[in-house]
Colleague: 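Input: one structure, supplied below.
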Amino acid sequence: MKKLSLVLLLSLVFINGCNTKKSYLTVTTFAGSGVMGSKNGQGTKASFANLMGIASDTAGNIYVADSHNNLIRKISPDGLVTTLAGSGVAGSKDGKDTSASFFYPGGLAAGKDGSVFVADTHNNLIRRIGPGGIVTTIAGRRTDSSGNTKDSSVRFDNPIGIAVDANGNIYVADWANDLIRKINPGGKVMDLAGSGTPGSDDGLGAKASFYLPGGIAIDSAGCIYVADTYNNMIRKISPEGEVTTLAGQKTKGHADGKGNIASFLHPQGIAVDHFGNVYVADMGNNKIRKITPVGYVSTLAGNGLRGAVNGRDTSASFFRPYGVAVGKDGSIYVADYQNNLVRKMGY
């Protein structure tokens, strides 16, 4: 009986342990041929030109700011690329889908009602694409016009990051103004954090400072995460406007570790998952980094070399990854700027 039990135990170990395959994170190309262009189509038959912002919705669609093409593109869950809005000609015209125009759009966010919000960077405007494809201007004004938006008295200076919360509040990383701005559902713009002068101070509201902040994301608790690009830091803002440094240091680098032990090189895109993990497109290092809720930074994917190699985690390569988003299925999507590709990372 003892001999039989031992055989049974060894069998269970083999089945549940040694015979179990470990899952590895794998980087693949989700869409794009890698050749600059503006073609729609399935997967790698489509083409882009310098992708920047990227966002995902609750239906599993992916949206990308096809910056150099002045277009907003939509990618279905099965990889079909279409043009959501934009004529392709630089401009600031509102209107329905391809009759509207953008000028180097930088950031994107998907609202719960099916809207897509755009940081229209070179127009210095915040735009909305409604579920019916109608593009409207929410806030800001072009420097060469008075505008007719709900808060046209407010000027942005190259807004580049954008996020939207469950209540319809919009948060903007106002890049050249070194500010984080908030736009309420009524369209009123207010400063949430930042002194407007370059710096790296933590503190409440205007006592804090940023240096050319890039990507911005929001978690389920209402906390804001900012890729403070030229400070090489990841900052966190409480709903009350208290700014702290989650990870990174002013010195450029690529070290993993907790808090200010870790280092980045011009982090740009940022996203947060349901568990509070933060994902960063570490653009200057050609890597995708992960930060746990307690601030521990690790390298999720990318070997640091410029390239477009697919494969397992740090054997893969990127070329100036700009935007990052968490998909409905938990996969990580990357706007790989210089490669003109949308990459997908999953297990």
Colleague: Mark yes or no for whether N232, through its side chain, and H266, through its backbone, hold a donor-acceptor pair below 3.5 Å.
Modeller: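 Checking the backbone N and O of H266 against the side chain of N232, a donor-acceptor pair under 3.5 Å is found.
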Colleague: Out of curiosity, I332 CD1 to L25 CG, how far, rounded to the nearest 0.5 Å?
Modeller: 8.0 Å
Colleague: Counting only N and O atoms by type, is there a donor-acceptor contact under 3.5 Å from the side chain of S209 to the main-chain atoms of S200?
Modeller: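 Present.
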Colleague: Check the hydrophobic clustering (I, L, V, M, F, W, Y; side-chain heavy atoms under 4.5 Å; chains of links allowed) and say if Y63 and I54 are grouped together.
Modeller: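 Unlinked, Y63 and I54 end up in two clusters.
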Colleague: Within the 3.5 Å criterion, strictly below it, is a donor on N50 or S67 matched to an acceptor on the partner's side chain?
Modeller: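 Distance-only check fails for N50 and S67.
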Colleague: Short question: side chain of D157, backbone of N177 - any donor-acceptor pair under 3.5 Å?
Modeller: no
Colleague: When rounded to the nearest 0.5 angstrom, what is the spacing between CG in L192 and OG in S238?
Modeller: 8.0 Å
Colleague: Report the residues that fulfil side-chain contact (heavy atoms from CB on, under 4.5 Å) with A217, sequence neighbours left out, ordered by chain and then residue number.
Modeller: I270, V272
Colleague: With no hydrogens and no angle check, is any side-chain donor or acceptor of K96 less than 3.5 Å from a backbone partner on G132?
Modeller: yes
Colleague: Indicate the atoms forming the closest heavy-atom contact of V243 with D202, along with that distance.
Modeller: O-CB, 3.2 Å
Colleague: Is there a donor-acceptor contact under 3.5 Å linking the side chains of T29 and N310?
Modeller: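 Side-chain D/A pair, T29 to N310: present.
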Colleague: Would you compute the distance between atom NZ of K74 and atom CD1 of I129 and round it to the nearest 0.5 angstrom?
Modeller: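 One finds 11.0 Å between NZ of K74 and CD1 of I129.
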Colleague: Check whether any side-chain N or O of Q249 sits under 3.5 Å from a backbone N or O of N260 as a donor-acceptor pair, and report yes or no.
Modeller: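 Yes, the answer is positive, given that a donor and an acceptor are paired below the 3.5 Å cut-off.
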Colleague: Is atom NE2 of H254 surrounded by more than 12 heavy atoms (other residues, nucleotides or ligands) closer than 6.0 Å?
Modeller: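 No, the 6.0 Å shell around NE2 holds no more than 12 heavy atoms from other groups.
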Colleague: Do the side chains of F48 and V81 get nearer than 4.5 Å, heavy atoms only?
Modeller: yes
Colleague: Does one side chain, of T299 or D256, offer a donor that lies under 3.5 Å from an acceptor on the other?
Modeller: yes
Colleague: List the residues meeting ring pair (Phe, Tyr, Trp, His ring centres under 6.0 Å) with Y104, not counting sequence neighbours, and say none if there are none.
Modeller: H68, H122
Colleague: Rounded to the nearest 0.5 Å, how far apart are CG of L179 and CG of D191?
Modeller: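 Those atoms lie 5.0 Å apart.
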Colleague: Would you say that F102 contacts V135 through its side chain, given a criterion of any heavy-atom pair below 4.5 Å between the two side chains?
Modeller: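 Side-chain contact under 4.5 Å: yes.
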Colleague: Indicate the atoms forming the closest heavy-atom contact of P239 with G222, along with that distance.
Modeller: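 Heavy atoms of P239 and G222 come nearest at CG-O, 3.6 Å.
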Colleague: Are the side chain of D313 and the backbone of L300 linked by a donor-acceptor contact shorter than 3.5 Å?
Modeller: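 Side chain of D313 to backbone of L300, a donor-acceptor pair under 3.5 Å: no, none is there.
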Colleague: Test your reading of the model: is there a side-chain donor-acceptor pair from Q42 to the backbone of D78, 3.5 Å cut-off?
Modeller: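 Present.
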Colleague: Counting only heavy atoms not in Y211, do more than 12 sit closer than 6.0 Å to its OH atom?
Modeller: no
Colleague: Can you tell me how far CG of D94 sits from OG1 of T137, rounded to the nearest 0.5 angstrom?
Modeller: 3.5 Å
Colleague: When you measure from the side chain of S317 to the backbone N and O of V309, does any donor-acceptor pair fall under 3.5 Å?
Modeller: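 Such a contact is found between S317 side chain and V309 backbone.
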Colleague: Please find the pair of heavy atoms, one from R127 and one from S101, that lie closest to each other, and give the distance.
Modeller: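 Looks like NH1-O, 3.0 Å.
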Colleague: Give a yes or no on whether the backbone of A255 and the side-chain of S263 come within a donor-acceptor separation of less than 3.5 Å.
Modeller: yes
Colleague: Do T245 and R235 get their side chains close enough for a donor-acceptor pair, meaning under 3.5 Å?
Modeller: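 Short answer, yes.
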Colleague: Hey, what do you get for OH (Y322) to CG (D336), rounding to the nearest 0.5 Å?
Modeller: 13.5 Å
Colleague: Report the C-alpha distance between R73 and N40 in whole Å, list the side-chain angles of each, state the deciding distance to 0.1 Å, and finish with yes or no for side chain to side chain donor-acceptor pair (under 3.5 Å).
Modeller: CA-CA 9 Å; R73 316 287 290 279; N40 290 322; 3.0 Å; yes
Colleague: How far apart are the C-alpha atoms of F318 and R343, what are their side-chain angles, what is the distance that settles it, and do they pass the side-chain contact (heavy atoms from CB on, under 4.5 Å) test?
Modeller: CA-CA 9 Å; F318 302 90; R343 315 287 290 280; 3.7 Å; yes
Colleague: Do N61 and S56 have side chains that approach each other closer than 4.5 Å (heavy atoms only, starting at C-beta)?
Modeller: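 Counting from C-beta outward, N61 and S56 never come under 4.5 Å.
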Colleague: Indicate yes or no for a side-chain donor-acceptor contact from S47 to the backbone of S38 under 3.5 Å, with no hydrogens or angles considered.
Modeller: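 Here the side-chain-to-backbone pair exists.
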